[in-house]
Structure formats: structure tokens, C-alpha cells
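A quick write-up on the structure given underneath.
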Amino acid sequence: MTATVFTPLRSEWLALRDRVRTPDLVRSGRATGESRPGSVLVAGVAGALRDDLLPGDLVVATEVWRGEDPSTDPGARIICPAAPIVAGDLRRIGLLVHTGPIVTVDGVVHDPDRRRRLADTGALAVDTESAGLVSTDGTTVVVRAVVDTPDRPLLRPGTPARGVAALASLRRAAPVIEAWAAATGERELLLAGPRSFCAGVERAIEIVERALERFGAPVYVRRQIVHNRHVVDDLERRGAVFVEEADDVPPGSTLVLAAHGVAPEVRSTAAERELKVIDATCPLVSKVHQEVRRFTARGSTVLLIGHHDHEEVVGTRGEAPEHVIVVADPEEAARVEVGDPDQLAYAMQTTLAVDEAAETVAVLRERFPSIQGPHNDDICYATTNRQGAVRRVAAESDLVLVLGSENSSNSRRLAEVSEAAGTPARLIDDASDVQLSWLAGVRRIGVTAGASAPPLLVDELLAALGGLGPTVVRPVGDAFEDVSFSLPKEVTTA
Ligand code: SF4
């Protein structure tokens, strides 16, 4: 697999000549039609089509159009799948980067009306070469630095300074171009199954969606409905308003309680404010609350195995704060002091690492032989299945990518399970978090997603990785899930 960097103009080639040593840096000239096998990156300058792009900004093409209307010729639309990864790396080194279509036309656009027409197509920038310099295997990347804009056209007194700014940005992009070259190549992508949304997360999201349909915006949601930035951003766009506490909600409004569950005092506050409460607590979390109530009603102290500050643990502990002690791990289990060891029970956060939780229980059982536990493990089916699948994927991978947000407990556990199996893992919110440097020399990548990460993010990640070289996707794991939970009556009955 080769990686070629095309620089159409001499000035562009000069900007990168001393900085991009690894790949084949080709001064292609303005002649087009020079497609190549292997991965191709086109680096150069361009004209912006929108006023919010400034000289020196970079545009990374999500697609390149040959001519002004690609709809008339499907072959005139060249998809650039690796754009999110390359743009992410460029942003991390401080460059201002836009992503979107770039249109390639025959000559420099001086006519403002033509520029406006090109802008109307939705393209961000225009150049005269990219569409003619593409990879023959669908792994083209285009990075263009803006020189001229609609209100700063070419052939004006400021043009040379704007050209200098654009070439300076291109020079700054050189380390990313080198990292791109090192990251290209053929790969196998091992796709863990099951992965992504669980029944509790699907239910919680559907509750907010139905509440918005039924009651109209705004619908208030206490804390993140599920721990995922993309899910929260999407619902926010549709009219959900996320608040910290029930106190922040105007009296009489609709409030959805998030999937992680809440302490009873939150329900009391909501009742005092006469809020219309819709409970999106996952039924498997509610089950743990019931256990805690059952054990403490009998006079037992409950050792709640979980992470001290996690919302689920805070909510569960809130059922009987005087009688629940949080125990994070085997070390804390070895140290915890209790009043009456014969009046003791344990319960668990639903999203723990299965192996570590078993160790913690073993320590507690050894210290307190009469301790009572739940009938079945509290760790939910989704957590158990996803950890089992990622363990299998990790065994065959050089690197595991876990889609999930930093505050998602079950996603973090997936990364830890991979690391414990000896395979480095990275927790990423989406494809733009992937760093090219992680991929150099990596030929087998495991991919999974936490229970709160949308399946679409997995598809986008696979596509982006495919933009760095030919990939084969191999599903790994076979755990079949057919769990579903009913919705609360507030969003189902008329
Ligand atoms: Fe429910 Fe488990 Fe999903 Fe949490 S991870 S919402 S407990 S099914």
C-alpha cells in the first residue's frame, strides 16, 4: 500500500517539501486525471464559498465534486471517509478546520455570481485540481487552506498576505499529513457483538422522544438521560432541556428522570414543585433500588458495590443513606467497617466490571460469611454481554476502540476489560477522537460501543477507518439480546 501526497502548485509543494518526508510527496501540477492506487492526500489552497470561512482556515473534504452538479453524474462525487479522523487531528494541533464538500471546477472563479451559485450547492470551498487527483480505491483525503473568500476575492491588495496565511496553515498541517501516511494501510476490523444501545437506554431515549411529541418542548430532563454526549445533543436540538436538579424546573412542567435512577428525595422535590414526572429509570436499576429497600427494611446494612460518585450509586444509596455504605473495589471491601456483621447484605451498580465485582464479593464473603446478596447478580445483561464480547475481540486485536463518553461507566469498563486482556484500548466519543498516531502499524482493530453509544457512531467509525485503506469487517461474538422494557403509562396512554 502506498501513500501519496499531491501538491498541485509549486508554492504548495514548497510549503510541505521540508516537512513531509515520510510519504511520496508529488508536485502534480494543475493537470488533472492523475489518480493513483493506494491512499491519496491532496494538500493545497482553495477559495472559500462561505463568509464564515477565513483566510488560513483549513477545509477537510467530506466529499469532492467534479463539476458544479454532481447529482447528474454519480461518478463526479468522490467520498472522503477519513475526513473526521484527519480533521480531528488537525484541530488537536490548534488549526481551525471546517469539514464539508469541496467542488473542483475548471478554472479560478472570479465571477461573484458563479461563486454564489457554487455556494448554493452546499460546497464549502472550490479548487481546480482535487477531483482529478484521487485514489482509485476510495481512500482520498483532501486538505485545503483558504486563501480567498466571497468578500476577499483574488487579485486584491490583500491577496499575497492571505496566500501567506494559507500556506502557513498548510505547513502547520505537515505533522498530521505525515501521521496520516503512517496510519494508512490494509486492516481487519473486528466488530464486537453485542455492542451499543441496551434495552434500558433505548427505552429512556424513547420516553423523552414521546414526551416531546406528546407534551411539546420544552421537556425537562434531570441530568443526562443516558451518559452519551451525542444522545444528549440530539435530544437538546429537539427541545429537551437538561437540568441539574428538579429545583431548576419551572413549577408544573414535565420532568423526565434519567435512566440511572434517583434518590427518593428527588421525587419529593419534584412533587413539591408539582412537576409532571416521567420516570425513565432502567427497570434493572429500579430492581437494585428495591433490593436495597428490602434489605434495609429488615434492619440490614447494605454494602453497595459501585463507584462513589456515579449517579446510579448516588441514587441507589439515597434509598437509605444511613444504612448503605459504598464499597468501590476489593481494597475497600477489605477495609470497610460495619456495625453488626450478621445483619449485612450487598448490592451492586449495574455497570461494573464483572471480574472485579466478583473479586469484591469474594472479599466481602470471606470477611462476613453470613452476608446476604441479590438472587441474581445486579450487573445487568447488557454490561455482561458487552464485556464478554470485547474480551474476545481484544484477544485478536492490536488496538480496541470503544465508542462511549468519558462519564459512561459501562463504556469505561469495556476499555478496562480490553486493557486487562493485554490489548490497548481507547475510549472515544466518535471517529473524530481517533488519533492517527494510534493507528501506525496497527493492522487489527477491535471496535465496540458502550450501552449508551448510538449504533450510528459505530457505522461512522468503520467508514472513517475504511478511508485510511481497504478494510475487512469481521463480526466477533454471538450473544443474542432480545430484552425490551415497557414504557411508562405517561407516554403511552391517551
Ligand atoms: Fe439498564 Fe443495563 Fe442498560 Fe444500564 S446498561 S440502562 S442497567 S440495561
Side-chain angles (χ1 to χ4, degrees), residues 192-210 221-232 235 256-263 278-292 304-307 309-319 346-358 374-391 402-417 427 448-455 457-458 477 479-488 491:
R195 63 188 172 275
S196 195
F197 281 175
C198 61
V201 163
E202 281 178 348
R203 174 179 180 269
I205 294 169
E206 189 173 351
I207 287 171
V208 179
E209 289 171 342
R210 285 184 175 231
V221 183
R222 182 183 176 275
R223 311 280 172 90
Q224 293 194 337
I225 183 73
V226 300
H227 284 155
N228 186 272
R229 182 167 62 78
H230 288 273
V231 170
V232 170
L235 291 173
V256 178
L257 301 176
H260 317 101
V262 296
I278 309 175
D279 191 356
T281 304
C282 175
L284 300 183
V285 174
S286 299
K287 181 181 85 96
V288 182
H289 281 240
Q290 278 162 20
E291 284 164 9
V292 168
L304 177 58
I305 304 170
H307 301 284
D309 297 329
H310 190 274
E311 280 171 43
E312 181 186 325
V313 170
V314 172
T316 309
R317 184 172 176 272
E319 291 289 347
Y346 73 84
M348 285 181 199
Q349 184 180 338
T350 56
T351 51
L352 295 178
V354 174
D355 294 346
E356 189 183 80
H375 296 306
N376 297 308
D377 259 359
D378 289 331
I379 297 178
C380 77
Y381 78 97
T383 301
T384 307
N385 291 347
R386 280 153 190 71
Q387 287 179 18
V390 80
R391 201 174 287 112
V402 180
L403 283 156
S405 290
E406 191 60 35
N407 62 344
S408 160
S409 173
N410 79 84
S411 304
R412 289 176 65 157
R413 301 295 85 79
L414 293 179
E416 286 170 8
V417 167
L427 183 63
T448 187
S452 46
L457 298 179
V458 177
F480 173 67
E481 292 179 339
D482 62 353
V483 178
S484 64
F485 300 124
S486 58
L487 294 166
V491 293

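Values below: all heavy atoms of this structure, side chains included; hydrogens, waters and symmetry mates excluded. Atoms within a ligand are numbered from 1 in the order they appear, just like the ligands themselves.
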**Report entry** Test side chain to side chain donor-acceptor pair (under 3.5 Å) applied to N407 and R412, H310, Q224, R229, the passing residue
**Finding:**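 By the side chain to side chain donor-acceptor pair (under 3.5 Å) criterion, N407 pairs with just one of R412, H310, Q224, R229: Q224.
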
Requested in this report: Give a yes or no answer on whether the side chain of S452 reaches the backbone of H227 with a donor-acceptor pair at less than 3.5 Å.
Outcome: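 Flag set: sc S452 to bb H227 pair under 3.5 Å.
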
Query - Set of side-chain hydrogen bond (donor to acceptor under 3.5 Å, both in side chains) partners for E416, sequence neighbours left out - result: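 side-chain hydrogen bond (donor to acceptor under 3.5 Å, both in side chains) check on E416 returns R413.
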
Query raised in the report: Can you name the side-chain hydrogen bond (donor to acceptor under 3.5 Å, both in side chains) partners of E406, sequence neighbours left out?
Result: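 Counting only residues at least two positions away or on another chain, E406 forms no side-chain hydrogen bond (donor to acceptor under 3.5 Å, both in side chains).
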
Query raised in the report: Going by the order shown, which atoms of ligand 1 are within less than 4.0 Å of some heavy atom of Y381?
Result: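 Counting from 1, the qualifying ligand atoms are 8 (S).
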
Query raised in the report: To the nearest 0.5 Å, how far apart are NE2 in H260 and CZ in R222?
Result: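 Going from NE2 on H260 over to CZ on R222, the span is 11.0 Å.
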
Under 3.5 Å, which donor-acceptor pairs link side chains of residues 194-208 to any protein atom two or more places apart or in another chain?
residue : atom : partner : partner atom : Å
R195    : NH1  : A192    : O            : 2.8
S196    : OG   : A453    : O            : 2.5
R203    : NE   : S486    : O            : 2.7
R203    : NH1  : T281    : O            : 3.0
E206    : OE2  : R210    : NE           : 3.0
E206    : OE2  : R210    : NH2          : 3.2

Requested in this report: Sort by chain and number the protein N/O/S atoms that are closer than 2.8 Å to atom 1 (Fe) of ligand 1, and list them.
Outcome: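 Listed by chain and number, the atoms are C282 SG.
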
